[in-house]
Enquirer: 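This structure is in structure tokens; I'll ask about it shortly.
Both backbone and side-chain heavy atoms feed into the values below; hydrogens, waters and symmetry mates do not.
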Amino acid sequence: MTTASGLDIQQLHTDADRDGITKLVVGAIVHADGQVLILRRSAEDAFMAGIEELPSGGVEPGENLLSALERELAEEIGWTGPLTLDPGFVAHFDYISGSGRKARQYTFGLAHHGRSIVLSTEHTAYRWLHPAALTHSDVTDETAKAIRTWAAF
């Protein structure tokens, strides 16, 4: 399945399978005027409490990367409807999940277009951050690298 943005989603799934990935995660670099949407996790969250992050979450059984991204954006920032991804951009990084699984996060870019941001209870705040100001954030190194890759794209 190739998206209108020129991304071969099936190939991304195939690459992950080939590399022994057992957990897929999707993330979004939502951007406007050169800045990126950053969410603050709830301090009560059991996983990475209180950190700043991109909208992201796990791919559920039976979902592909795009349907998971649509679901996560609906859950975390209240967006519904079709997504228009940045043409040709996807970043990824691998890590060991909290449950010990080999995980890969695919991060896609998409423009904000003035849509409302409605946070779930998983997050307590959001802000817009310029990639040059990442040192003033506590996003993970992997997230910072994905944002810098997007900014240079």
Side-chain angles (χ1 to χ4, degrees), residues 3-5 7 9 12-13 16 21-101 103-153:
T3 67
S5 61
L7 296 171
I9 299 302
L12 298 177
H13 280 274
I21 301 297
T22 59
K23 177 178 176 60
L24 288 173
V25 177
V26 291
I29 296 174
V30 176
H31 56 86
D33 300 322
Q35 296 187 90
V36 174
L37 178 67
I38 303 291
L39 309 180
R40 171 76 63 190
R41 286 185 79 86
S42 167
E44 286 78 45
D45 201 301
F47 180 73
M48 300 184 88
I51 70 156
E52 288 187 305
E53 65 181 357
L54 298 171
S56 59
V59 177
E60 310 244 334
E63 282 184 318
N64 69 37
L65 296 169
L66 290 184
S67 59
L69 185 63
E70 288 175 353
R71 179 184 47 76
E72 285 295 335
L73 289 174
E75 289 174 5
E76 294 194 355
I77 62 173
W79 284 15
T80 57
L83 303 175
T84 302
L85 301 178
D86 293 348
F89 176 81
V90 62
H92 79 273
F93 60 87
D94 296 345
Y95 63 100
I96 302 300
S97 73
S99 61
R101 295 167 67 193
R104 175 169 293 167
Q105 178 170 320
Y106 284 111
T107 302
F108 303 92
L110 64 156
H112 175 241
H113 294 303
R115 293 169 110 173
S116 297
I117 305 294
V118 180
L119 295 178
S120 70
T121 57
E122 187 178 333
H123 297 96
T124 57
Y126 72 90
R127 66 182 175 133
W128 294 95
L129 185 69
H130 192 279
L134 281 167
T135 56
H136 303 291
S137 169
D138 62 0
V139 297
T140 65
D141 291 343
E142 295 86 0
T143 295
K145 183 178 178 189
I147 293 169
R148 287 186 184 103
T149 300
W150 168 81
F153 189 71

Enquirer: For the residue pair Y126 and L37, establish whether any side-chain heavy-atom pair is separated by less than 4.5 Å.
Expert: yes

Enquirer: Within this structure, what is the CZ-CG distance for the pair F93 and D141, rounded to the nearest 0.5 Å?
Expert: 10.5 Å

Enquirer: How would you list all residue pairs meeting side-chain hydrogen bond (donor to acceptor under 3.5 Å, both in side chains) that involve residues 110-121, not counting sequence neighbours?
Expert: none

Enquirer: Within the side chain of D138, is there an N or O that forms a donor-acceptor pair under 3.5 Å with the backbone of E52?
Expert: yes

Enquirer: Would a 4.5 Å heavy-atom cut-off, applied to side chains only, mark H92 and Q105 as touching?
Expert: no

Enquirer: Output the distance between atom CD1 (I51) and atom CZ (R40), rounded to the nearest 0.5 Å.
Expert: 8.5 Å

Enquirer: Shortest non-hydrogen contact from A146 to F89?
Expert: O-CZ, 4.1 Å

Enquirer: Rounded to the nearest 0.5 Å, how far apart are CG of L83 and CD of E70?
Expert: 4.5 Å

Enquirer: Check whether any side-chain heavy atom of I38 sits under 4.5 Å from a side-chain heavy atom of L54, and report yes or no.
Expert: yes

Enquirer: Looking at side-chain heavy atoms only, is the closest gap between L85 and L7 below 4.5 Å?
Expert: yes

Enquirer: So do L39 and E76 actually touch side chain to side chain, heavy atoms under 4.5 Å?
Expert: yes

Enquirer: Should Y106 and L69 count as side-chain neighbours, where that means a heavy-atom distance under 4.5 Å?
Expert: no

Enquirer: Could you tell me whether a side-chain N or O of T143 sits under 3.5 Å from a main-chain N or O of V139, the two making a donor and an acceptor?
Expert: no

Enquirer: So do the side chains of E53 and H123 get within less than 4.5 Å of each other, counting heavy atoms only?
Expert: yes

Enquirer: For a quick test of reading the model, state the closest non-hydrogen atom pair linking V30 to W128 and the distance between them.
Expert: O-CZ3, 3.6 Å

Enquirer: How close do I77 and P55 get, heavy atom to heavy atom, and via which atoms?
Expert: CG2-CG, 4.4 Å

Enquirer: Do W79 and I117 come within less than 4.5 Å of each other through their side chains, counting heavy atoms only?
Expert: yes

Enquirer: Which pair of heavy atoms, one from R127 and one from H136, lies closest together, and at what distance?
Expert: NH2-O, 2.8 Å

Enquirer: Quick check: closest heavy atoms across T107 and A28, and the distance to 0.1 Å?
Expert: CG2-N, 4.2 Å

Enquirer: Is the backbone N or O of T22 less than 3.5 Å from a side-chain atom of R101, with the two atoms forming a donor-acceptor pair by type?
Expert: yes

Enquirer: Which distance, rounded to the nearest 0.5 Å, do you find between the OG of S97 and the CD1 of I21?
Expert: 10.5 Å

Enquirer: Nearest 0.5 Å, please: how far is CG in L73 from OG in S56?
Expert: 9.5 Å

Enquirer: How long is the span from the CD atom in E72 to the CG atom in L65, to the nearest 0.5 Å?
Expert: 12.0 Å

Enquirer: Ignoring hydrogens and geometry, is there a side-chain-to-backbone donor-acceptor pair from N64 to S67 under 3.5 Å?
Expert: yes

Enquirer: Might you work through the side-chain contact (heavy atoms from CB on, under 4.5 Å) test for V25 and V59, ending with a clear yes or no?
Expert: CA-CA 5 Å; V25 177; V59 177; 5.8 Å; no

Enquirer: Return the minimal non-hydrogen interatomic distance between T124 and S42, and the atom names on each side.
Expert: CG2-CA, 3.7 Å

Enquirer: Given the rule in the side-chain contact (heavy atoms from CB on, under 4.5 Å) test, do F108 and L12 qualify, once you have shown the distances and angles that lead to the verdict?
Expert: CA-CA 12 Å; F108 303 92; L12 298 177; 4.1 Å; yes

